[in-house]
Amino acid sequence: KQVAILISGGGSNMMTLVDSMTGDHPARPCLVLSNNADAGGLKKAAAAGVATAVVDHRPFKGDRQAFEAELVKPILDAGADIVCLAGFMRVLTVDFVTQFQGRMLNIHPSLLPKYTGLHTHARALAAGDSTHGCSVHEVTAVLDDGPLLGQARVPVLPDDTPETLAERVLTQEHILYPDVLRRYAAGDRTPVLLG
Ligand code: GRF
């Protein structure tokens, strides 16, 4: 299976996915694509020998369809069978999602269905949650929704800040996402539950 990974920033999740796809793993990375030419993950991907591409969303202003018409081209050219969103910060339209229905994954830093959207760690702290974590799900037309493929839980500690909590969650993301992708690429959709 060929995997395209979409990023917007540092790409730490992307790199753990790239590094995991070796040996008898049923998938290989075929593309790292970003909406942001300055995304730090692009250099990391290139250094790892993975093809990269940039489709800047800004020239398209609010025209999501026009942006996505460009965004899809390198994905199709690379022959991707699976698309992994990994810190990709653009909302995708139902048309784009439908084109990859059943073969597009996303990682979200909360225990879905709690805290869809942004600032998940601050919201979990504000709510006084004792447990938090991350989720990998199939992408559907509803933001941060879709069938759960994996979750990892972490404790919330009394002196946590959004930053310390985010760091603890990110560590689990780097364990969960590769585990889910390996199973997903082998056709196994049994949810992975860690921690
Ligand atoms: C992180 O906040 C992570 O929780 C979320 O995207 C952000 C950037 O991750 N998935 P990455 O380092 O670019 O993978």
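By convention here, the first residue in the shown sequence is residue 1. When a ligand or atom number is given, it counts from 1 through the structure's own listing order.
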* Below 4.0 angstrom from a heavy atom of Pro109, which ligand 1 atoms are there? Numbered from 1 as shown, please. => 4 (O)

* Heavy-atom nearest neighbour in the protein, as seen from atom 1 (C) of ligand 1, with distance rounded to 0.1 Å -> Leu170 CD1, 4.2 Å

* **Separation between CD of Gln65 and CD of Glu70, rounded to the nearest 0.5 Å** => 13.0 Å

* Angle class for the Phe67/Phe60 ring planes (parallel below 30°, perpendicular above 60°, tilted otherwise)? -> tilted

* Is the number of heavy atoms from other residues, nucleotides or ligands under 6.0 Å of Arg153 CZ greater than 12? -> no

* To do: Just need the protein heavy atom nearest to atom 12 (O) of ligand 1, so name the residue and atom and give the distance.
  => Ser12 OG, 2.6 Å

* Assess the side chains of His108 and His137: does a donor N or O sit below 3.5 Å from an acceptor N or O? => no

* Asked: Of all the non-hydrogen atoms in the protein, which one sits nearest to atom 13 (O) of ligand 1, and at what distance?
  -> Gly11 N, 2.9 Å

* Structure fact -> In this structure, atom 9 (O) of ligand 1 is nearest to the protein heavy atom Asn13 ND2, 3.8 Å

* Structure fact -> In terms of its nearest heavy atom to atom 7 (C) of ligand 1, the top option of Ala166, Gly40, Gly87 is Gly87

* Classify the contact between Glu173 and ligand 1 as side chain, backbone, both or neither, using a heavy-atom distance cut-off of under 4.0 Å. => side chain

* Ile107: numbered ligand 1 atoms lying under 4.0 Å from its heavy atoms -> 10 (N)

* If you count the non-hydrogen atoms of other residues, nucleotides and ligands that lie under 6.0 Å from CD in Gln101, is the total more than 12? -> yes

* Asked: Which value, rounded to the nearest 0.5 Å, describes the distance between Leu71 atom CG and Phe88 atom CZ?
  -> 5.0 Å

